[in-house]
Amino acid sequence: MDYIGIDLGTSAVKLLLMQGDGRILKTVSREYPIRFPRPGWAEQDPQDWYQETVAGLRELLEGQDKSQVAGISFGGQMHGLVALDGEDQVIRPAILWNDGRTAAESDYLNQEVGREVLSRHTANISFPGFTAPKLLWMKKQEPENFARICKIMLPKDYLAYRLSGVHCTDVSDASGTLLFDVEHRCWSKEMCAICGVQEAWLPKVYESYEAVGCLKPEVAAELGLPGHTVIAAGAGDNAAAAVGTGTVGDGACNISLGTSGTVFISSKTFGTDRRNALHAFGHADGAYHLMGCMLSAASCNRWWMEEVLGTEDYAGEQGAVSKLGENHVFFLPYLMGERSPHNDPDARGTFIGLTMDTTRADMTQAVLEGVAFALRDSLEAAKSLGIRVERTKVCGGGAKSPLWRKILANVLNLEVDVPEQEEGPSLGGAMLAAVACGEYASVEEAAQKIVRTAAAIAPEPALAAAYEKRYQQFREIYPACKELFQKLRQ
């Protein structure tokens, strides 16, 4: 049988058709707009997601045997607030994960409600991108809209609802709302009370690999798919990408170099770090994971190349880099503030160490190294818990760069595995659909049989030692700039 994975990204939806043995038959991508009503705000119309998803499904299925499609599941951008009224109509544009309007609400949760209280009820502290502070903002700034809420959904779950008619979410995505008791895998009554949220507004929670229902008859007829096509809950984009790279079970690690960057460590047991520098979320395999998230990763490289240098010749610019481990220029990659481990929306991108002999290649190198150093910050937080990571997978657009992979392996001093198929959350979504339909007994079995490694990059002892010294210098820059970043905001 065949399975469809739908990755609802920030700029586009990517759809993938996979055979049960893991062979990818076809992929399709369709873009939709993102709106910035004010500086630091980011919104989308959920109807755009659905329209482009349906159009993408038609394109994906063209020329395929539709009768073989057994299941559909998802990966998707996390934390976004989709509010529905009593008629299941969208009340206002969705507020996205990278929207920064809720700094005051996030500060209220962390400082007045208290980080210890939040961590006790949800295993996490508040970040401006999370869903709960968005609801507090809406309650204060748009009380008429807040009063109309009858259901709160996350982006990919809105798609699941439109396809199946079921209000649902999964454990991994619910973990990023700050309304969810991660340890016990259920909504937190305490956090609902704190945020003025009625539990009836929240969708039913499933494991990522569980079926929530089937395609609605009218949707099945429109797409020409069997009416018994299963809709599985799916996962947040990072958990789905981790499934697609085989990062399941205990102690597996995946690094994503996408628009944002993540260090994702799967675990059989629940745990949090003392500083809450890492997110402690449920995983799509039925267990847990720790995740460090930086808001700007490959987007830093894109900004540097296209906006500053005015070129799309990424390979050409990187080809001029030749002094690995010796660069005297550092770059703080905080172009949109930072989440892990600093939780500082005021942090900003910064070059430091420029001299008259600094070259274009030095600055290009500094951007790549700055992202790698910031990812290591999250890895160090995981190590503080006694977690041993000996190697990592890598995925995302930035992972296509051989230079960046080499820098990453040596900055982290880990062996870096490159998956044979790099399809991210869409592949993970298809694999979750296959588990929901019984093609595989578990997510771990699906990963073991489908995911293969194309290449492995080993750290070089001398270069890793040089980067160790550079990393210790990098760690001192943000604390020295922190107060200045706050003053620049005023």
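As a basis for the values below, the full set of heavy atoms in this structure was taken, side chains included, without hydrogen atoms, waters or symmetry mates. Please read these numbers as outputs of a predicted model, since none were measured by experiment. In this chain, residues are counted from 1 in sequence order.
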K.L.:
The test is side chain to side chain donor-acceptor pair (under 3.5 Å); show your working for Tyr3 and Glu439 and say whether it passes.
P.N.:
CA-CA 10 Å; Tyr3 304 93; Glu439 184 88 32; 2.6 Å; yes

K.L.:
Show me the side-chain donor-acceptor pairs of residues 408-415 shorter than 3.5 Å, one per line, residues at least two apart or across chains.
P.N.:
residue : atom : partner : partner atom : Å
Asn410  : OD1  : Glu460  : N            : 2.7
Asn410  : ND2  : Lys406  : O            : 2.9
Glu415  : OE2  : Arg391  : NH2          : 3.4

K.L.:
Are the aromatic rings of Trp187 and Phe180 close, with centres under 6.0 Å apart?
P.N.:
yes

K.L.:
Is Leu290 close to Phe270 at the side-chain level, that is, under 4.5 Å between some pair of heavy atoms?
P.N.:
no

K.L.:
List for me each residue that meets salt bridge (charged side-chain N to carboxylate O under 4.0 Å, His left out) alongside Glu445, sequence neighbours excluded, and say none if there are none.
P.N.:
Lys449

K.L.:
Counting only N and O atoms by type, is there a donor-acceptor contact under 3.5 Å from the side chain of Ser119 to the main-chain atoms of Arg115?
P.N.:
no

K.L.:
Which heavy-atom pair separates Val263 from Cys253 by the least distance, and what is that distance?
P.N.:
CG1-SG, 4.2 Å

K.L.:
Can Arg162 be said to sit on top of Tyr50's aromatic six-ring, NZ or CZ under 6.0 Å from centre and within 45° of the ring axis?
P.N.:
yes

K.L.:
Quick one, Trp201 with Phe146, criterion ring-ring contact (aromatic ring centres under 6.0 Å, His included). Give me CA distance, side-chain angles, the key distance, then yes/no.
P.N.:
CA-CA 11 Å; Trp201 296 354; Phe146 188 84; 5.5 Å; yes

K.L.:
In Å and rounded to the nearest 0.5 Å, what is the CG to SG distance from Asn254 to Cys395?
P.N.:
4.0 Å

K.L.:
Is it true that a side-chain atom of Asp285 and a backbone atom of Gly249 form a donor plus acceptor pair closer than 3.5 Å?
P.N.:
yes

K.L.:
Parallel under 30°, tilted from 30 to 60°, perpendicular over 60°: which one fits the rings of Tyr158 and Tyr161?
P.N.:
tilted

K.L.:
Can you confirm if the aromatic rings of Phe281 and His289 lie within a centre distance of less than 6.0 Å?
P.N.:
yes

K.L.:
For Ile152 versus Pro203, what's the shortest heavy-atom pair and its separation?
P.N.:
O-CD, 3.1 Å

K.L.:
Hey, could you give me the NZ/OG distance between Lys383 and Ser378, rounded to the nearest 0.5 Å?
P.N.:
12.0 Å

K.L.:
Any ion pair linking Arg148 and Asp85 (charged N to carboxylate O, less than 4.0 Å)?
P.N.:
yes

K.L.:
Who passes salt bridge (charged side-chain N to carboxylate O under 4.0 Å, His left out) against Lys482, sequence neighbours left out?
P.N.:
none

K.L.:
Could you report the tightest heavy-atom contact between Leu202 and Cys192, atom names first, then the distance?
P.N.:
CD1-SG, 3.6 Å

K.L.:
Taking the side chain from Gln472 and the backbone from Lys469, do they hold a donor-acceptor pair closer than 3.5 Å?
P.N.:
no

K.L.:
Judged by atom type as modelled, is there a donor-acceptor pair below 3.5 Å linking the side chain of Lys204 to the main-chain atoms of Cys168?
P.N.:
no

K.L.:
In terms of the angle between their ring planes, are Tyr467 and Phe373 parallel, tilted or perpendicular, with boundaries placed at 30° and 60°?
P.N.:
perpendicular

K.L.:
How close do Met294 and Ser260 get, counting heavy atoms only, and between which atoms?
P.N.:
O-CB, 3.2 Å

K.L.:
What residues form a side chain to side chain donor-acceptor pair (under 3.5 Å) with Asn238, not counting sequence neighbours?
P.N.:
Thr262

K.L.:
If you count heavy atoms of other groups shown closer than 6.0 angstrom to CD of Glu142, is the number above 12?
P.N.:
yes

K.L.:
Would you name the heavy atoms of Val451 and Gly244 that are closest together and state the gap between them?
P.N.:
CG2-O, 3.6 Å

K.L.:
Relative to the ring of Phe330, is the ring of Phe474 parallel (under 30°), tilted (30 to 60°) or perpendicular (over 60°)?
P.N.:
tilted

K.L.:
Could you check whether any side-chain heavy atom of Thr10 comes within less than 4.5 Å of a side-chain heavy atom of Thr259, counting everything from C-beta outward?
P.N.:
no

K.L.:
Report all side-chain donor-acceptor pairs from residues 120-136 shorter than 3.5 Å, counting only partners two or more places apart or in another chain.
P.N.:
residue : atom : partner : partner atom : Å
Thr122  : OG1  : Leu118  : O            : 2.8
Thr122  : OG1  : Asn124  : N            : 3.2
Thr122  : OG1  : Asn124  : O            : 3.1
Asn124  : OD1  : Ala280  : N            : 2.9
Asn124  : ND2  : Thr122  : O            : 3.0
Asn124  : ND2  : Ala280  : O            : 3.0
Ser126  : OG   : Ser106  : OG           : 2.8
Thr131  : OG1  : His79   : O            : 2.9
Lys134  : NZ   : Leu96   : O            : 3.2
Lys134  : NZ   : Gly129  : O            : 2.2
Lys134  : NZ   : Phe130  : O            : 3.3

K.L.:
Drop me the distance from Leu332's CG to Ile352's CD1, to the nearest 0.5 angstrom.
P.N.:
7.5 Å

K.L.:
Only counting residues at least two apart or in another chain, list the ones meeting side chain to side chain contact (heavy atoms under 4.5 Å, CB included) with Asp45.
P.N.:
Arg35, Gln47, Asp48

K.L.:
Without swapping roles, check the side chain of Gln486 against the backbone of Asp346 for a donor-acceptor pair under 3.5 Å.
P.N.:
no

K.L.:
Is it the case that Arg185 places NZ or CZ above or below the six-membered ring of Tyr288, under 6.0 angstrom from the centre and within 45 degrees of the axis?
P.N.:
yes

K.L.:
Compare all side-chain heavy atoms of Thr350 with those of Tyr334 and state whether any distance is below 4.5 angstrom.
P.N.:
no

K.L.:
With side chains defined as the heavy atoms from C-beta onward, is the minimum distance between Phe264 and Thr247 less than 4.5 Å?
P.N.:
yes

K.L.:
Kindly indicate, with the supporting measurements, whether the criterion side chain to side chain donor-acceptor pair (under 3.5 Å) is fulfilled by Asp344 and Tyr478.
P.N.:
CA-CA 10 Å; Asp344 185 357; Tyr478 169 77; 2.6 Å; yes

K.L.:
Would a distance-only check, ignoring hydrogens and angles, find a side-chain to backbone donor-acceptor pair under 3.5 Å from Asp157 to Ala160?
P.N.:
no

K.L.:
Name the residue from Asp173, Asp7, Asp237 that meets the salt bridge (charged side-chain N to carboxylate O under 4.0 Å, His left out) definition with Lys156.
P.N.:
Asp173

K.L.:
For the pair Ser299 (side chain) and Ser296 (backbone), establish whether a donor and an acceptor sit closer than 3.5 Å, ignoring hydrogens and angles.
P.N.:
no

K.L.:
Can we say Arg101 and Glu43 salt-bridge, meaning some charged N sits less than 4.0 Å from an Asp/Glu carboxylate O?
P.N.:
yes

K.L.:
Within this structure, what is the CD1-CG distance for the pair Ile95 and Leu81, rounded to the nearest 0.5 Å?
P.N.:
5.5 Å

K.L.:
At what distance, to the nearest 0.5 angstrom, does CG of Asn343 lie from CD of Glu338?
P.N.:
9.5 Å

K.L.:
Using the rule given for side-chain contact (heavy atoms from CB on, under 4.5 Å), can you reason through His283 versus Val248, listing the C-alpha separation, both sets of side-chain angles and the distance that settles it, and then say yes or no?
P.N.:
CA-CA 8 Å; His283 192 7; Val248 298; 4.0 Å; yes

K.L.:
Just how far is it from atom NZ of Lys140 to atom OG1 of Thr102, taken to the nearest 0.5 Å?
P.N.:
12.0 Å

K.L.:
Check whether any side-chain N or O of Ser401 sits under 3.5 Å from a backbone N or O of Gly398 as a donor-acceptor pair, and report yes or no.
P.N.:
no

K.L.:
Ion pair present between Glu468 and Arg376, side-chain N to carboxylate O less than 4.0 angstrom?
P.N.:
yes

K.L.:
Would you check, one step at a time, whether the test side chain to side chain donor-acceptor pair (under 3.5 Å) holds for Ser208 with Asp170?
P.N.:
CA-CA 5 Å; Ser208 301; Asp170 83 287; 2.8 Å; yes

K.L.:
List the steps, then state whether salt bridge (charged side-chain N to carboxylate O under 4.0 Å, His left out) holds for Glu52 with Lys14.
P.N.:
CA-CA 10 Å; Glu52 294 306 323; Lys14 182 177 179 181; over 6 Å; no

K.L.:
Give the minimum heavy-atom separation between Gly246 and Ala447, together with the two atoms involved.
P.N.:
CA-CB, 3.8 Å

